[in-house]
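Here is the structure we will look at.
Owing to the predicted nature of the structure, the values given are computational and were not obtained by experimental measurement.
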Amino acid sequence: MMGSISVTVLGAGDAFASRGRFQAGYLISGERGNVLVDAGPTLLASMKRTGAAPADIDTVLISHLHGDHFAGLAFLILEYLYESPRHRSLTIAGPRGLEQRTWAMFHAMYREIDPARVAKRIKFVVLEPHHKARVGGMAVESIRTPHTRRDVSLAFRIGMNGRTIAYSGDTGWTDELVEISAGADLFLCECTYYESAELTFHLNYPLIARNQERFTPGRMILTHIGREVLEHSAEVRHEMATDGMMIRV
């Protein structure tokens with residue numbers, strides 16, 4: 001069944017919060033629920049600024065285990081313990097090691113707090129690269145991106161309400177980005193650098209521009225914007241995400 005969905009950009013910034021931008025987070029909302037994609041440490045501030053309710057999140061997808069993409073989970077758990085009691089289950093899906101790293105992070109940050117009341121309502125799901133899974137009523141296809149070596153980093157192709165959203169996560173160049181975003185209604189593509197082409201674990205704008213003709217989504221928006229890209233914004237011909245931006249799909 002086809003139905004429109006909305007995507008709220010909770011954080012369009014890079015790990016350094018360049019020019020005060022919030023860190024990675026995207027809230028997808030449709031008839032089948034609310035899906036949070038990535039959870040940077042600025043998650044709660046951004047959600048409350050945009051009026052989004054943490055208790056309304058049904059599913060969380062985490063692309064990789066860098067702090068600017070998953071550290072907000074600790075604050076989300078804290079929110080559920082004290083401010084927005086969780087009365088239904090929450091699925092958190094992502095790469096191998098997500099469950100262990102989440103609880104290790106929470107205990108490091110709030111050693112004296114017992115999260116058991118919330119933990120019993122959370123189900124962790126491992127997403128394997130190059131596999132398709134059903135998560136929270138969505139179809140999720142994952143690929144491994146060339147961003148991390150020891151840990152697995154993922155890009156997603158998400159099917160929800162008859163719409164398709166592709167999300168690069170953090171990544172260096174791979175032809176699989178063209179494939180996973182092909183024909184998607186929306187492609188959220190990271191663009192951290194402009195001049196630093198030698199840093200191959202992130203994308204840079206000249207590289208994206210050179211490959212533009214190969215991408216075929218209905219709409220492509222650059223995100224995870226770094227300082228170099230902001231300094232060259234007049235030269236960027238692609239649409240760029242901003243904090244609080246609402247996208248209709």
### Query
Under 3.5 Å, is there a donor-acceptor pair between the side chain of Arg117 and the main chain of Lys120?
no

### Query
Given the rule in the side chain to side chain contact (heavy atoms under 4.5 Å, CB included) test, do Leu222 and Ile208 qualify, once you have shown the distances and angles that lead to the verdict?
CA-CA 10 Å; Leu222 305 183; Ile208 292 172; 4.1 Å; yes

### Task
Could you tell me which non-hydrogen atom of Ile62 sits nearest to which non-hydrogen atom of Val60, and how far apart they are?
CD1-CG1, 3.8 Å

### Task
Check for a donor-acceptor pair, side chain of Ser196 on one end and backbone N or O of Leu199 on the other, with a separation under 3.5 Å.
no

### Message
Taking the side chain as everything from C-beta on, heavy atoms only, tell me whether Leu98 gets closer than 4.5 Å to Ile92.
### Response
yes

### Message
Taking the side chain as everything from C-beta on, heavy atoms only, tell me whether Asp68 gets closer than 4.5 Å to His224.
### Response
yes

### Summary
side-chain hydrogen bond (donor to acceptor under 3.5 Å, both in side chains) test vs His130 passes for just one of Glu141, Glu176, Arg144, namely Glu176

#### Entry: Which atom of Gly137 lies closest to which atom of Arg134, heavy atoms considered
O-NH2, 2.9 Å

### Message
On a heavy-atom basis, which atom in Leu65 and which in Arg101 lie closest, and how many Å separate them?
### Response
O-NH2, 2.9 Å

### Query
What about the rings of His64 and Phe70, do their centers lie closer together than 6.0 Å?
no

### Linked, directly or transitively: Leu188 and Leu36 (ILVMFWY side chains, under 4.5 Å)
no

### Message
Are Phe156 and Val126 linked, directly or through intermediate hydrophobic residues, by side-chain heavy-atom contacts shorter than 4.5 Å (ILVMFWY only)?
### Response
no

#### Entry: Side-chain donor or acceptor of Asn34 paired with backbone N/O of Asp56 under 3.5 Å
yes

#### Entry: Side-chain touch Arg214/Asp175, heavy atoms, less than 4.5 angstrom
yes

### Message
For a quick test of reading the model, state the closest non-hydrogen atom pair linking Pro146 to Trp173 and the distance between them.
### Response
CG-O, 3.7 Å

### Message
Hydrogens and angles aside, do His69 and Asp170 bring a side-chain donor and acceptor to less than 3.5 Å of each other?
### Response
yes

### Query
Are Val229 and Val236 close enough, and set up right, to give a side chain to side chain contact (heavy atoms under 4.5 Å, CB included), and what steps lead you there?
CA-CA 8 Å; Val229 180; Val236 175; 4.1 Å; yes

### Message
Are more than 12 heavy atoms, taken from residues, nucleotides or ligands other than Lys123, located less than 6.0 Å from that residue's NZ atom?
### Response
no

### Task
Ignoring hydrogens and angles, state whether a donor on the side chain of Tyr167 or Thr223 is under 3.5 Å from an acceptor on the partner side chain.
no

### Query
With a 4.5 Å limit on heavy-atom distance, are the side chains of Gln23 and Phe16 in contact?
no

### Task
First locate atom NE2 of His232, then atom CG of Asn204, and finally report the distance between them rounded to the nearest 0.5 Å.
11.0 Å

### Query
Relative to each other, are the rings of His107 and Trp103 parallel, tilted or perpendicular (30° and 60° limits)?
tilted

### Query
Gly11 and Tyr26: which non-hydrogen atoms are nearest, and at how many Å?
O-OH, 3.5 Å

### Message
Which Ile, Leu, Val, Met, Phe, Trp or Tyr residues join Ile180 in one cluster when any pair of side-chain heavy atoms under 4.5 Å counts as a link?
### Response
Ile143

### Query
Between CD1 of Ile122 and CG of Leu76, what distance do you get to the nearest 0.5 Å?
7.5 Å

### Query
Under a 4.5 Å cut-off applied to non-hydrogen side-chain atoms, are Ile165 and Phe187 in contact?
no

### Query
Got Pro217 and Met220 here, is their nearest side-chain heavy-atom distance under 4.5 Å?
yes

### Query
Atom OG1 in Thr8, atom CD1 in Ile247: separation rounded to 0.5 Å?
8.5 Å

### Query
Got a salt bridge between Arg157 and Glu179, using NZ or NE/NH1/NH2 to carboxylate O under 4.0 Å?
no

#### Entry: side chain to side chain contact (heavy atoms under 4.5 Å, CB included) between Val35 and Met160, worked out
CA-CA 10 Å; Val35 182; Met160 181 179 178; 4.1 Å; yes

### Query
Are Ser153 and Thr145 linked by a side-chain donor-acceptor pair shorter than 3.5 Å?
yes

### Query
If only atom types and distance count, is the side chain of Asp14 paired as donor or acceptor with the main-chain N or O of Ser18 below 3.5 Å?
yes

### Leu203 and Leu177, any side-chain heavy atoms less than 4.5 Å apart
yes

#### Entry: Test side chain to side chain contact (heavy atoms under 4.5 Å, CB included) applied to Arg21 - qualifying residues, sequence neighbours left out
Ala12, Ile225, Leu230, Thr242, Asp243

### Query
Around atom CD of Gln212, are there more than 12 heavy atoms of other residues, nucleotides or ligands at under 6.0 Å?
yes

### Distance, nearest 0.5 Å, that separates OH of Tyr110 from CE of Met105
10.5 Å

#### Entry: Ser142 side chain to Leu127 backbone, donor-acceptor under 3.5 Å
no

### Message
Distance check, rounded to the nearest 0.5 Å: Glu239 atom CD versus Arg219 atom CZ?
### Response
4.0 Å

### Query
Can you tell me if CZ on Arg88 sees more than 12 non-hydrogen neighbours from other groups inside 6.0 Å?
yes

#### Entry: No-hydrogen, no-angle side-chain donor-acceptor test under 3.5 Å, Thr171 and His147
no

### Task
Return yes if some donor-acceptor pair links the side-chain N/O of Arg121 with the main-chain N/O of Arg86 below 3.5 Å, else return no.
yes

### Query
Are the side chain of Tyr80 and the backbone of Pro54 linked by a donor-acceptor contact shorter than 3.5 Å?
yes

### Query
Side chains of Tyr194 and Glu235: is there a donor and an acceptor less than 3.5 Å apart?
yes

### Message
Counting only heavy atoms not in His131 (residues, nucleotides, ligands), do more than 12 fall under 6.0 Å from its NE2?
### Response
no

### salt bridge (charged side-chain N to carboxylate O under 4.0 Å, His left out) assessment of Glu79 paired with Lys48
CA-CA 12 Å; Glu79 172 82 12; Lys48 293 179 181 184; 2.9 Å; yes

#### Entry: Side-chain donor/acceptor of Thr50 to backbone N/O of Ser46, under 3.5 Å
yes

#### Entry: Ser168 and Glu190: side chain donor to acceptor below 3.5 Å
no

### Query
Cluster question for you: counting only ILVMFWY and a side-chain heavy-atom cut-off of under 4.5 Å, with indirect links fine, are Leu186 and Leu10 together?
no

### Task
For Tyr205 and Arg237, run side chain to side chain contact (heavy atoms under 4.5 Å, CB included): C-alpha distance rounded to whole Å, both residues' side-chain angles, the deciding distance at 0.1 Å, then the answer.
CA-CA 10 Å; Tyr205 181 70; Arg237 299 294 178 241; 3.6 Å; yes

### Query
Would a distance-only check, ignoring hydrogens and angles, find a side-chain to backbone donor-acceptor pair under 3.5 Å from Asp185 to Thr164?
yes

#### Entry: Ser6 to Met246 - nearest heavy-atom pair and separation
CB-SD, 3.6 Å

### Flag side-chain contact, heavy atom, 4.5 Å: Val249 against Val7
yes

#### Entry: Common cluster, Ile158/Leu154, ILVMFWY with side-chain heavy-atom separation under 4.5 Å
yes

### Query
Can Ile57 be reached from Ile77 by stepping across I, L, V, M, F, W or Y side chains whose heavy atoms are under 4.5 Å apart?
yes

